[in-house]
Amino acid sequence: MKIDFHDCTLIPMEAHSLPQSLSARIRSCYEDLSPTDRRLADLMLEYPGDIASYSASELARLTNVSNAAVSRFVQRLGFRNYEELRVLAREAKSWGSPLYLMNHAPASNGADFVNSHLQACADNVSGTFQQIDPAVIDAVADAVATARQVWLVGFRNSYFLAGYLRWQFVQVRDGVRLLPVAGETLGEYTACFEPSDVVIVFGLRRRVKEIGKITTAARQMGSKIAYIADHGMTADTSADWLLRCNTRSHGPLDNHVAVLALCHILANQVIVRTGAQGRKRLARIEEMHENLDEF
């Protein structure tokens, strides 16, 4: 009998009781699954991102179960049909979860992986600077060089990228701050935003809710906002400047080479704009390095 997965009825469940992710839904009922359902569950838990590309019949063949078994399992997880489950898996891939970006394909050998990685790096850098207007980079550099305070904001991987750019800026100007500060809350800092400030936000996936709160605070205070995002960013950031970087990768982790290239260009442009004052600060720093015998 042919199963129409688009007409499957939904097993009654309270919508608010369902976990958000596919993996969480499976884990919530895993102990009660039959051996057949566990074969499906095990594959989905190990490679949940693959589900976005498998048809229901392909999934049935991979796990050696019937199409009807797939249909029943999908309903047990609270989905109306298999396509709805696939949509959730696709959304997780777009969100950037490394688990959902891993695939079931055999690993490529060392040479192939390195070559693919290098090509991805080159493509990301080239694609990024084809879509960013150099005038935008100039405008951000001008603003950073003349701002009262420069605030660098980032969470998770973005925190280290923001920290790298701060380290370049502090060599030629003071008043450069990095958020969040370990163990502290944000209100004490966002209250200090002023119209003459620049806030540079690294909003690469996976973005946390605090990013939106900080940009809202900066906008309310009248500060200029530069938002550095990944290629998949489509939401309205309310930023003065939006700089999208390609971060595509052949592996489960995003490739941030283009982001670092953008940071390098911004840092050099700021150094040029700080002129004699920047060189004077650099000279003082080098003198202190010698006095403290730091290197």
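Starting from 1, each residue takes its place in the sequence as its number.
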Q | Lys/Arg-Asp/Glu bridge criterion (N-O < 4.0 Å) met for Glu287, Arg284 | A | no
Q: May I have all residue pairs that pass salt bridge (Lys or Arg N to Asp or Glu O under 4.0 Å) and include part of residues 122-141, sequence neighbours excluded?
A: Asp138-Arg273
**Q.** Main-chain N/O of Arg80 paired with Glu84 side-chain donor or acceptor, under 3.5 Å
**A.** yes
Q) Any side-chain donor paired with an acceptor under 3.5 Å for Gln130 and Ser126? A) yes
Q | Shortest non-hydrogen contact between Ala141 and Leu266, atoms and distance | A | N-CD2, 4.3 Å
(Q) Quick check: is Ile265 connected to Val257 through a chain of hydrophobic side chains (ILVMFWY, heavy atoms under 4.5 Å apart)? (A) yes
**Q.** Residue among Leu22, Leu40, Ile26 satisfying side chain to side chain contact (heavy atoms under 4.5 Å, CB included) with Leu45
**A.** Ile26
Q: State yes or no: do Ile200 and Leu242 share one hydrophobic cluster built from I, L, V, M, F, W and Y residues joined by side-chain heavy-atom distances below 4.5 Å, directly or via other members?
A: no
**Q.** Main-chain N/O of Gln149 paired to Asp197 side chain as donor or acceptor, under 3.5 Å
**A.** yes
**Q.** Side chains of Asn67 and Tyr82, donor plus acceptor under 3.5 Å
**A.** no
Q. How long is the span from the CG atom in Asn268 to the CD1 atom in Ile137, to the nearest 0.5 Å?
A. 11.5 Å
Q | Ser223 to Val199 - nearest heavy-atom pair and separation | A | CB-CG2, 4.1 Å
Q | Heavy-atom side-chain proximity of Ile285 to Met288 below 4.5 angstrom | A | no
Q. About how many Å separate OH of Tyr227 and CD1 of Ile211, when rounded to the nearest 0.5 Å?
A. 5.5 Å
Q) Under a 4.5 Å cut-off applied to non-hydrogen side-chain atoms, are Trp241 and Leu243 in contact? A) yes
Q: List the steps, then state whether side-chain contact (heavy atoms from CB on, under 4.5 Å) holds for Ile228 with Cys245.
A: CA-CA 7 Å; Ile228 299 174; Cys245 296; 4.1 Å; yes
**Q.** Asn124 side chain vs His256 backbone, donor-acceptor pair below 3.5 Å
**A.** no
Q. Looking at side-chain heavy atoms only, is the closest gap between Met44 and Phe73 below 4.5 Å?
A. yes
Q. Which heavy-atom pair separates Asp240 from Arg219 by the least distance, and what is that distance?
A. OD2-NH2, 3.3 Å
Q. Where the side chain of Arg248 meets the backbone of Asn255, is there a donor-acceptor pair that is under 3.5 Å apart?
A. no
Q) Is a side-chain N or O of Arg156 found less than 3.5 angstrom from the main chain of Leu204, in a donor-acceptor match? A) no
Q: Would you please indicate if the ring centroids of Phe193 and Trp151 are separated by under 6.0 Å?
A: yes
(Q) Under the salt bridge (Lys or Arg N to Asp or Glu O under 4.0 Å) definition, can you give me all pairs with a residue in residues 58-68, not counting sequence neighbours? (A) none
Q) Taking all atoms of both residues into account, what is the closest heavy-atom pair of Ser238 and Ile225, and its distance? A) O-CD1, 4.1 Å
Q. Can you check side-chain contact (heavy atoms from CB on, under 4.5 Å) on Val74 and Asn81, steps first, answer last?
A. CA-CA 7 Å; Val74 166; Asn81 50 58; 5.6 Å; no
**Q.** Verdict with reasoning, Arg76 to Asp37, per side-chain contact (heavy atoms from CB on, under 4.5 Å)
**A.** CA-CA 10 Å; Arg76 177 163 192 166; Asp37 285 348; 4.2 Å; yes
Q) Taking atom OG1 of Thr274 and atom CZ of Arg279, what is their separation to the nearest 0.5 Å? A) 8.0 Å
(Q) Once rounded to the nearest 0.5 Å, what's the spacing between atom OG of Ser158 and atom CG of Leu152? (A) 11.5 Å
Q) Out of curiosity, does Leu43 fall in the hydrophobic cluster containing Val65 (side-chain heavy atoms, cut-off under 4.5 Å, transitive links)? A) yes
Q. With a 4.5 Å heavy-atom cut-off, do Leu262 and Thr128 have their side chains touching?
A. no
Q. Does the side chain of Gln220 come within less than 4.5 Å of Thr216's, by heavy atoms?
A. yes
Q: Using the rule that two of Ile, Leu, Val, Met, Phe, Trp, Tyr join whenever any of their side-chain heavy atoms come within less than 4.5 Å, decide whether Val272 and Val198 are in one cluster.
A: no
(Q) Grouping I, L, V, M, F, W and Y whenever their side-chain heavy atoms are under 4.5 Å apart, do Tyr30 and Leu85 come out in a common cluster? (A) yes
Q: State, with a plain yes or no, whether a side-chain heavy atom of Leu77 is found less than 4.5 Å away from one of Cys29.
A: yes
Q | Approximate separation, where rounding is to 0.5 Å, of Arg25 CZ and Phe79 CZ | A | 4.0 Å
Listed pairs under 3.5 Å, donor-acceptor, residues 160-179 side chains, sequence neighbours left out:
unit_1	atom_1	unit_2	atom_2	d
Arg166	NE	Val176	O	3.3
Gln168	OE1	Gln171	NE2	3.3
Gln168	NE2	Tyr164	O	3.4
Gln171	NE2	Trp167	O	3.4
Arg173	NH1	Val144	O	2.7
Arg173	NH1	Ala147	O	2.9
Arg173	NH2	Ala147	O	3.0
Arg173	NH2	Arg148	O	3.1

Q: Please name the pair of heavy atoms, one in Pro180 and one in Phe155, separated by the smallest distance, quoted to 0.1 Å.
A: CG-CE2, 3.6 Å
Q.
If you compare all heavy atoms of Tyr54 against all heavy atoms of Arg86, which two are closest, and at what distance to 0.1 Å?
A. O-NE, 3.2 Å
Q. How far apart are the C-alpha atoms of Ile51 and Leu59, what are their side-chain angles, what is the distance that settles it, and do they pass the side-chain contact (heavy atoms from CB on, under 4.5 Å) test?
A. CA-CA 8 Å; Ile51 307 306; Leu59 182 61; 4.1 Å; yes
Q.
If you define the side chain from C-beta out and look only at heavy atoms, does anything of Leu186 sit under 4.5 Å from Ile214?
A. yes
Q. Quick check: are there more than 12 heavy atoms from other residues, nucleotides or ligands sitting under 6.0 Å from NE2 of His289?
A. yes
Q | 4.5 Å side-chain heavy-atom contact, Gln269 and Asp142 | A | no
Q: Classify the side-chain pair Asn246/Gln131 by whether it contains a donor and acceptor separated by less than 3.5 Å.
A: yes
